[in-house]
*Asks:* 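Shown below is the structure under consideration.
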Amino acid sequence: TVGCVVVDSQGRCAAATSTGGLMNKMTGRIGDSPLIGAGTYACDLCGVSCTGEGEAIIRGTLAREVAAVMEYKGLGLQDAVDFVIKNRLDEGKAGLIAVSNKGEVACGFNCCGMFRGSATEDGFMEVGIWD
Amino acid sequence: MGGWAIAVHGGAGVDPNLPLERQEQAKQLLTRCLNLGISALRSDLPAIDVVELVVKELETDPFFNSGRGSALNENGRVEMEASIMDGPKRRCGAVSGLSTVKNPISLARLVMDKSPHSYLAFSGAESFARQQGVELVDNDYFITEENVGMLKLAKEANTILFDYRIPLGMETCAAGVDSPIQMNGLPISVYAPE
């Protein structure tokens with residue numbers, strides 16, 4: 001699975017996710033990537049793209065959950081990502097990337113590594129695999 | 001309001017023994033895609049255009065599990081899925097069960113912009129693709145030798161492999177038995193990064 005989340009210079013958030021799914025999956029199996037609110041979500045607060053065990057991400061409506069805890073619990077972006085990865089995955093293995101309308105960028109995962117990269121307008125840039 | 005920001009991912013769950021060369025390849029691809037997004041943002045492209053542009057680039061490179069290099073289903077075919085969402089007004093588009101559309105994320109974008117719906121799947125999505133004139137290719141375009149080998153291993157192990165790949169050179173699942181980390185009841189070494 002691959003994904004990208006962006007907030008532009010006008011504070012508009014967007015998210016996109018694409019995948020081939022599971023190796024040896026049953027024909028017709030749908031994972032989280034095409035499900036808005038599970039694998040992908042964006043609103044005026046943030047943009048989120050998920051990857052990992054689709055069935056766990058769907059159960060946890062993971063992408064929307066990040067926006068929801070920001071909206072209802074008033075959490076900041078990284079706190080929201082950490083809360084969701086810790087509390088909404090029912091032992092499933094997954095990771096996600098997120099941006100906020102304030103120009104923040106965050107990542108979280110509970111498995112062994114995640115291929116990810118991020119950058120912000122003030123010059124921060126990072127590409128990583130491990131913790 | 002802060003400035004612009006961007007993040008990309010290529011999948012979660014990485015075999016700790018992933019060869020350094022593969023790690024480097026992954027980082028170079030992620031860096032290239034990040035830079036593509038950064039230059040689009042510096043040209044004031046809207047966020048929704050930037051995420052489509054970057055994911056399209058990731059779909060075209062066979063390294064990760066999307067577009068070219070997608071995982072294979074039980075019949076050895078590629079069935080892709082994608083979704084896209086624009087924060088203002090929460091507009092969204094999604095597609096599933098694609099086997100001929102070169103860039104699924106662009107079809108998801110067209111569902112959002114050019115259809116009255118949010119989600120089209122399988123034959124409906126494929127006929128919408130033809131109607132919209134997006135680039136169509138043969139299913140073989142998406143299939144790599146590496147994935148054909150992985151499907152064989154997955155069938156031998158009688159398991160469904162999550163978004164991950166088995167490291168090259170680890171032909172037997174037993175190779176990883178000494179790793180303490182488990183996933184889906186199998187040693188992590190059975191899995192490899194997307």
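So that the names make sense, note that chain A is the first sequence line, chain B the second, and so on, each numbered from 1.
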*Asks:* Below 4.5 Å, heavy-atom pairs only: which of Arg42(B), Arg77(B), Glu79(B) has the largest tally toward chain A?
*Replies:*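 Of the candidates given, the most pairs with chain A belong to Glu79(B).
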
*Asks:* Taking atom CE of Met26(A) as the centre, does the number of heavy atoms from other residues, nucleotides or ligands within less than 6.0 Å exceed 12?
*Replies:*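 Atom CE in Met26(A) is not crowded, with 12 or fewer foreign heavy atoms closer than 6.0 Å.
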
*Asks:* Between Val99(A), Val105(A), Val5(A), Val127(A), which has the largest tally of heavy atom pairs under 4.5 Å with chain B?
*Replies:*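 Answer, by heavy-atom pair count under 4.5 Å with chain B: Val5(A).
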
*Asks:* So which of Leu45(A), Asp44(A), Ile129(A), Leu96(A) has the largest heavy-atom pair count under 4.5 angstrom toward chain B?
*Replies:*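 Max contact count across the listed options: Ile129(A).
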
*Asks:* Please classify the contact of Val95(B) with chain A as side chain, backbone, both or neither, using a heavy-atom distance under 4.5 Å.
*Replies:*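 When you check distances to chain A, only backbone atoms of Val95(B) fall under 4.5 Å.
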
*Asks:* If I take atom CG from residue Leu34(B) and atom SG from residue Cys4(A), how far apart are they, to the nearest 0.5 angstrom?
*Replies:*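 If we round to the nearest 0.5 Å, Leu34(B):CG and Cys4(A):SG are 8.0 Å apart.
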
*Asks:* Among Ile105(B), Leu72(B), Asn103(B), which has the most heavy-atom pairs under 4.5 Å with chain A?
*Replies:*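 Heavy-atom pairs under 4.5 Å are most numerous for Leu72(B).
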
*Asks:* Are the charged groups of Asp113(B) and Arg91(B) less than 4.0 angstrom apart, N to O?
*Replies:*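 A salt bridge links Asp113(B) with Arg91(B).
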
*Asks:* So Phe63(B) and Phe115(A), would you call those rings parallel, tilted or perpendicular, with 30° and 60° as cut-offs?
*Replies:*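 Perpendicular.
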
*Asks:* Can you see whether Lys86(A) engages Asn110(A) through a side-chain donor-acceptor pair at a distance of less than 3.5 angstrom?
*Replies:*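 Lys86(A) vs Asn110(A): no donor-acceptor pair found between side chains.
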
*Asks:* The criterion is salt bridge (charged side-chain N to carboxylate O under 4.0 Å, His left out); which residues satisfy it with Glu52(B), sequence neighbours excluded?
*Replies:*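 Residues passing salt bridge (charged side-chain N to carboxylate O under 4.0 Å, His left out) with Glu52(B): Arg109(B).
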
*Asks:* Cys50(A) versus chain B, heavy atoms under 4.5 Å apart: side chain, backbone, both or neither?
*Replies:*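 When you check distances to chain B, only backbone atoms of Cys50(A) fall under 4.5 Å.
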
*Asks:* Determine which residues belonging to residues 126-139 of chain B lie within contact range of chain A, meaning some heavy atom pair is under 4.5 Å apart, and list them by number or answer 'none'.
*Replies:*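 Heavy-atom contacts from residues 126-139 of chain B to chain A are absent.
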
*Asks:* Would you say the side-chain atoms of Glu81(B) pair up with the backbone N or O of Ser96(B), donor to acceptor, closer than 3.5 Å?
*Replies:*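 No, because the side chain of Glu81(B) does not come within donor-acceptor range (under 3.5 Å) of the backbone of Ser96(B).
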
*Asks:* Charged N to carboxylate O below 4.0 Å: is that the case for Asp79(A) and Lys73(A)?
*Replies:*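 Salt bridge absent between Asp79(A) and Lys73(A).
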
*Asks:* Just by distance, do the side chain of Asp15(B) and the backbone of Asn17(B) share a donor-acceptor pair under 3.5 Å?
*Replies:*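 A pair under 3.5 Å: yes.
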
*Asks:* Counting only non-hydrogen atoms closer than 4.5 Å, does Ile48(B) touch chain A with its backbone (N, CA, C, O), its side chain (CB onward), both, or neither?
*Replies:*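 Both backbone and side chain of Ile48(B) come within 4.5 Å of chain A.
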
*Asks:* Is it true that Thr40(A) and Thr17(A) share a donor-acceptor pair across their side chains at a distance under 3.5 Å?
*Replies:*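 Thr40(A) and Thr17(A) do have a side-chain donor-acceptor pair below 3.5 Å.
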
*Asks:* Select, from Ala16(A), Ala14(A), Pro34(A), Ser18(A), the one with the greatest count of heavy-atom pairs under 4.5 Å involving chain B.
*Replies:*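 Max contact count across the listed options: Pro34(A).
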
*Asks:* Is Arg68(B) close enough and on-axis enough to Tyr141(B), meaning under 6.0 Å and within 45°, for cation-pi?
*Replies:*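 Yes, Arg68(B) and Tyr141(B) form such a contact.
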
*Asks:* With only heavy atoms counted, which part of Leu45(B) is less than 4.5 Å from chain A, the side chain, the backbone, both or neither?
*Replies:*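 When you check distances to chain A, only backbone atoms of Leu45(B) fall under 4.5 Å.
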
*Asks:* Could you check which of Pro46(B), Gly76(B), Gly67(B), Gly97(B) has the highest count of heavy-atom pairs closer than 4.5 Å to chain A?
*Replies:*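 Looking at each of Pro46(B), Gly76(B), Gly67(B), Gly97(B) in turn, Pro46(B) comes out on top.
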
*Asks:* May I ask you to name which of Gly113(A), Gly95(A), Ala119(A) has the most heavy-atom pairs under 4.5 Å with chain B?
*Replies:*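 Winner by heavy-atom pair count: Ala119(A).
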
*Asks:* As an exercise: rank Ser83(B), Ala121(B), Pro104(B) by heavy-atom pairs under 4.5 Å with chain A and give me the winner.
*Replies:*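 Top count of heavy-atom pairs under 4.5 Å with chain A: Ser83(B).
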
*Asks:* Could you tell me whether Arg29(A) and Glu55(A) have a side-chain N and a carboxylate O separated by less than 4.0 Å?
*Replies:*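 Yes, this pair counts.
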
